[in-house]
Each structure stands twice: as C-alpha cells, then as structure tokens.
Amino acid sequence: FRSLYRLKEALWAYRNATKQFSSNIEAWKRYGEMLVVAREPDQALGAWRRVSELVKSKKPEDAVSIQLEGAKVFRQAGYKEHALQLYGDLFEASAGRPEVLEAYGGYLVQLGRAKELVSLVKQYAADIESQERSNGPSKDLNKKITRAVDLLKRAGRIQAAIETLNVLQ
C-alpha cells in the first residue's frame, strides 16, 4: 500500500507541476512517465504529445531524441500500440531521419510486423528520394538507404530490400 500511496502522491505532484508550469518540459516528461507506471497509457500519451509540442517550440534540436525517449517508455511498459502511435507521429514529423526509422522499424521487426515495416521503408525511401530531388545529392544517402535495407533483411524481406536499393540508382 505504501508504494501505491507514493505513486498517487507523485502523480498529484507532477500533475500540479504541469498546471503551475505548463510549459516546463521536464515536468511533463515526469508526469507522462508516472502515468505509464500508474497504468494510464491514454493519459500518458497525451502528456508525451504535450512534451513533443513543447520541445519542438523550445528546443527543436532535441525534439527527435526526446520523442524517441517517450516511445521507449511505452515500449518498456508493454504498451505496444501507444509506442507505435508515438513512433508514427515522429516518423511523419521527421521524414528521412535514419534514427527514427531504426527505432520505429526495429520495433516493428521485434513485433513481427513485416508488412508494416515494408510500408514504412517505402515511405522513408520516397521521402529521401524527394529530398534528393529538392536539395541535390547528399553525402549520407548510402548510409540512410543501407539502414533501411538492413531492417528489411532482419525482417526477412529480401525482395523489398532489393527494391529499396533502387533508390541509390
């Protein structure tokens, strides 16, 4: 009972902190983490989405790493669909970021969701191709595509990996 009391006490404290300091990233992160521990994943998802909004406006250079941290919190607690929602939000907001593809795609591989992985990699390749057309050739194109191909190989999707390599041509 003591640990339950402490959890409720922590939730109350972080909820109040987010009300008093509504733009405090750290307060929202801790509140989101406590909500996951308290088995309130829907509320926690809302808190992590608030973290994402705040980070994008205050510390855009940290946005990807903090959003990946949020998805990891859900993964570790076993909330697969909530983690996938955060990964999906992040993937849409940061097209062509290899670290996002690796985290999201790696989780799809772990879950055995190869069809979703193939779709994800196709979108990733299309985003990279579009960026290449708009911005000209990038130095790290090979590395980006290789990461995608490695994920597909891990999932046993060799044909999709070969098709993804065509982006390099």
Side-chain angles (χ1 to χ4, degrees), residues 1-113 115-117 119-128 130-131 134-135 138 140 143-144 147-148 150-151 154-155:
F1 290 114
R2 182 174 279 171
S3 62
L4 180 60
Y5 175 76
R6 286 190 178 150
L7 177 61
K8 287 185 179 193
E9 198 173 66
L11 277 171
W12 180 84
Y14 285 120
R15 185 179 308 115
N16 282 339
T18 60
K19 287 178 183 176
Q20 288 180 347
F21 308 102
S22 62
S23 61
N24 185 301
I25 295 168
E26 205 56 37
W28 279 101
K29 278 176 56 178
R30 298 298 165 240
Y31 183 48
E33 290 168 353
M34 285 295 107
L35 285 166
V36 168
V37 170
R39 299 282 185 212
E40 297 289 346
D42 294 333
Q43 286 182 290
L45 187 60
W48 276 100
R49 285 188 168 144
R50 178 69 177 139
V51 168
S52 295
E53 292 168 12
L54 291 170
V55 169
K56 286 176 192 172
S57 67
K58 291 178 150 191
K59 297 180 177 182
E61 68 280 0
D62 295 338
V64 170
S65 64
I66 288 177
Q67 289 173 292
L68 287 172
E69 181 184 336
K72 186 177 179 182
V73 167
F74 283 98
R75 279 177 69 165
Q76 290 174 336
Y79 292 114
K80 297 172 190 169
E81 295 307 315
H82 292 80
L84 290 170
Q85 285 180 39
L86 281 182
Y87 281 132
D89 292 349
L90 182 54
F91 184 78
E92 291 297 318
S94 57
R97 295 286 298 261
E99 65 270 36
V100 174
L101 175 74
E102 284 181 338
Y104 189 10
Y107 193 44
L108 290 172
V109 170
Q110 182 183 339
L111 295 174
R113 293 166 103 160
K115 285 183 181 179
E116 290 174 64
L117 175 65
S119 254
L120 182 74
V121 170
K122 284 181 180 178
Q123 180 61 51
Y124 176 77
D127 290 344
I128 289 174
S130 174
Q131 289 172 2
S134 298
N135 305 332
S138 72
D140 60 348
K143 189 181 347 177
K144 287 181 176 181
R147 287 173 156 178
D150 288 344
L151 281 170
R154 281 180 34 208

Does one side chain, of D89 or Q85, offer a donor that lies under 3.5 Å from an acceptor on the other? no
Please report the interatomic distance [atom1]([X]) to [atom2]([Y]), rounded to the nearest 0.5 Å.
| X | Y | atom1 | atom2 | answer |
| --- | --- | --- | --- | --- |
| E61 | I66 | CD | CD1 | 9.0 Å |
| K122 | D127 | NZ | CG | 14.5 Å |
| S65 | E99 | OG | CD | 9.0 Å |
| R15 | K8 | CZ | NZ | 10.5 Å |
| S23 | E53 | OG | CD | 12.0 Å |
| E116 | L111 | CD | CG | 8.5 Å |

How close do [X] and [Y] get, counting heavy atoms only, and between which atoms?
| X | Y | answer |
| --- | --- | --- |
| A10 | M34 | CB-SD, 3.7 Å |
| A83 | A71 | CB-O, 3.7 Å |
| Q123 | F91 | CG-CE2, 3.6 Å |
| A77 | V36 | CB-CG1, 3.3 Å |
| L117 | A155 | CD2-CB, 3.5 Å |
| R50 | S22 | NH2-O, 3.0 Å |

Any salt bridge linking K72 with E69? Criterion: basic side-chain nitrogen under 4.0 Å from a carboxylate oxygen. no
Output yes when E81 and R113 qualify as a salt bridge under the 4.0 Å nitrogen-oxygen rule, no when they do not. yes
Test applied, side chain to side chain contact (heavy atoms under 4.5 Å, CB included); reference residue, Y87; option that passes from Q67, E92, R75: R75
Please work out which of the three classes, parallel, tilted or perpendicular, describes the rings of F74 and Y79, given edges at 30° and 60°.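 Y79 and F74: perpendicular rings.
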Test log, rule side chain to side chain contact (heavy atoms under 4.5 Å, CB included), inputs T18 and N24: CA-CA 7 Å; T18 60; N24 185 301; over 6 Å; no
For residues [X] and [Y], determine if any side-chain heavy atom of one lies less than 4.5 Å from a side-chain heavy atom of the other.
| X | Y | value |
| --- | --- | --- |
| Y104 | L84 | yes |
| E33 | W48 | yes |
| P98 | K143 | no |

Can you tell me if OH on Y107 sees more than 12 non-hydrogen neighbours from other groups inside 6.0 Å?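 Result for OH/Y107: enclosed.
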Does L54 form a side chain to side chain contact (heavy atoms under 4.5 Å, CB included) with K59? I'd like the steps, not just the answer. CA-CA 8 Å; L54 291 170; K59 297 180 177 182; over 6 Å; no
In sequence, state the C-alpha distance, the side-chain angles, and the governing distance for E26 and R30, and then conclude on salt bridge (Lys or Arg N to Asp or Glu O under 4.0 Å). CA-CA 6 Å; E26 205 56 37; R30 298 298 165 240; 2.4 Å; yes
Would you check if the side chain of W28 reaches a backbone N or O of R49 as a donor-acceptor pair within less than 3.5 Å?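 No, because the side chain of W28 does not come within donor-acceptor range (under 3.5 Å) of the backbone of R49.
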Test side chain to side chain contact (heavy atoms under 4.5 Å, CB included) on R154 and L151 and set out the steps. CA-CA 5 Å; R154 281 180 34 208; L151 281 170; 3.6 Å; yes
